[in-house]
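The shown structure was predicted, so the numbers you read here are calculated from the model rather than taken from an experiment. Naming convention: chains lettered A, B, ... in sequence-line order (proteins, then strands); numbering from 1 in each chain. The figures that follow rest on heavy atoms only: side chains count, while hydrogens, waters and symmetry mates do not.
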Number of protein chains: 2
Amino acid sequence: MTTANLDPAENAIDIDAQQIRDAIRDAIVERRLAPGTKLSETDVGNLFNVSRTLVRAALQALSYEGLVNVEKNRGAFVAYPSVAEAQQIFATRRLLEPVILREAAPSIRKAQVKELRELLAEEVRLTNQRGAPARRAEIKASGDFHLAVAAMSGNAILKRFMDELVARSSLVIALYGQSVISSCGHSEHRQIVDALEKKDVEAACALMLQHIDHIEADLDLRPARKGSDLKDALQL
Amino acid sequence: MTTANLDPAENAIDIDAQQIRDAIRDAIVERRLAPGTKLSETDVGNLFNVSRTLVRAALQALSYEGLVNVEKNRGAFVAYPSVAEAQQIFATRRLLEPVILREAAPSIRKAQVKELRELLAEEVRLTNQRGAPARRAEIKASGDFHLAVAAMSGNAILKRFMDELVARSSLVIALYGQSVISSCGHSEHRQIVDALEKKDVEAACALMLQHIDHIEADLDLRPARKGSDLKDALQL
DNA sequence: GAATTTTCGATTGTATACGATAATAGGCAA
DNA sequence: TTGCCTATTATCGTATACAATCGAAAATTC
């Protein structure tokens, strides 16, 4: 059995393709599924008690998000971003997130600041908690902060672009991250919120760029990867 | 028969989902398929001599690009962007295209200028040509210019975002465009190339923003649409 | 013993079958 | 006629069946 470890929470009745997609995406983003893992159509189907038809639809959707690679006649695999791709993902975030901040800033009111601070509180709570599930939730929470800001831009298209970038970033961090707490920057998140609250957009942008730099600095983006990890992750 | 007018050029042997997707996308972008047109799975399947399975995959893919709306238990329709969506598409382009220009500028060499000028020449050639096919090709060529610039940024992710924005823009122009030659701005395209050649990125960005303004100015984005057109486009 | 070929098994690719849903048309009553 | 209800039909949603492909192991040859 090559495929395993998808959250069996959705074992209710009548699953649809969207739920399967979400479950797999969450598993990838929360790093329960390692990059390179094969996602066999029959195996996934059995896990959710659905036919391959729905699984294929879900896997196809994930391939558009860049989270899964579908190789013709070979199957679907959790994406295994190259160093070049990883750099491009972060380069794009550096370009987009300041733009998003500038768009979001004018519509930041007390309610928005409150919403962001609640997300910060959740991040802190998870950081102080032990265990693997808390670590996984922390990864997701860290991304959620960036997505919340994107949502405040009021631009659904930008928000969707960020959805993809944040999800793929998690994958990259899973692959190339060095420190265990790779998504460490909740203090940086707070600084950004502080700047937004003061309507100091330029400061917020500068902090955001620094923040992205720090995330990327924690990665080991040297060309070669250790072979053992690769073989492991590919599950050959 | 509700569905018709897909280019039958791909009537060779062994069509796959990707080819169907491309054929339908081209038909939408070149305005051979009006917004709102129903894309029945069986009809499209018959046109390409494939089963509904492949058609569904293609339609699903197009829905991720925002070119097609899939309504549960009702079917797929060529997207019918609302005024709000249209404005968001152009707002996003205004944000992204300057960023793209700044990214692309450093790697603009003689070869790149030449490539862009060739695209301009093609646009001019099509403009001076009569007939509906030339008009359709003109629409596509106009978008290709923006996509070529995006490709020169060297950032595949940005390029893909632009792919989507340009395709959806064509749809919006089809819906809300007033003048027949809605993608008129090939002279503006030339000015942008001129600025890029002179390494004057700021001028290029300013011209790009003006250009997008002009495209949007040609649209009739007033809330209500004339009832007749709406009925026509919905093909009821 | 190593390299090449062949065979076999597993997995994907596509078509089709069947059940479910929604739109339409027809009939009935007001 | 108009409104409502029912029945029909067409279309979609999902499962399954069968064909095609790929990879790995076994067999053969040098």
Presence of salt bridge, B/K140 and B/D26, under 4.0 angstrom: yes
Mutual orientation of the aromatic rings belonging to B/H189 and B/F145 [parallel < 30°, tilted 30-60°, perpendicular > 60°]: parallel
N or O in side chain of B/S51 less than 4.0 angstrom from C/dA15 OP1/OP2: yes
B/F48 CZ to C/dT14 C1', straight-line distance once rounded to whole Å: 16 Å
Basic-acidic side-chain contact under 4.0 Å: A/R94, A/D213: yes
Under the side chain to side chain contact (heavy atoms under 4.5 Å, CB included) test, residues paired with A/A151 that sit two or more places apart: A/K159
Anything under 3.5 Å between a protein N or O and an N or O of nucleotides 18-21 of chain C, put it in a table, one pair a line.
residue: C/dT21; atom: O3'; partner: B/N73; partner atom: ND2; Å: 3.4

Distance, rounded to the nearest Å, where B/K72 contributes NZ and D/dT11 contributes P: 18 Å
Shortest side-chain distance from B/E41, nucleotide among C/dG13, D/dC12, D/dA15: D/dC12
Whole-Å gap separating P (C/dT24) and CZ (B/R74): 8 Å
Interatomic distance where CG belongs to B/D43 and C1' belongs to D/dC12 [whole Å]: 13 Å
Whole-Å gap separating C1' (D/dC12) and CD (B/Q60): 14 Å
A/H146 NE2 to A/L119 CG distance, which is reported to the nearest 0.5 Å: 11.0 Å
Verdict with reasoning, B/D22 to B/R25, per salt bridge (Lys or Arg N to Asp or Glu O under 4.0 Å): CA-CA 5 Å; B/D22 290 345; B/R25 193 205 295 117; 3.5 Å; yes
Protein-nucleotide distance (B/K38, atom NZ; D/dT11, atom C1'), rounded to Å: 6 Å
Interatomic distance, A/N49 CG vs D/dA15 C1' [rounded to whole Å]: 13 Å
Separation of C/dT11 P from A/R56 CZ (nearest whole Å): 14 Å
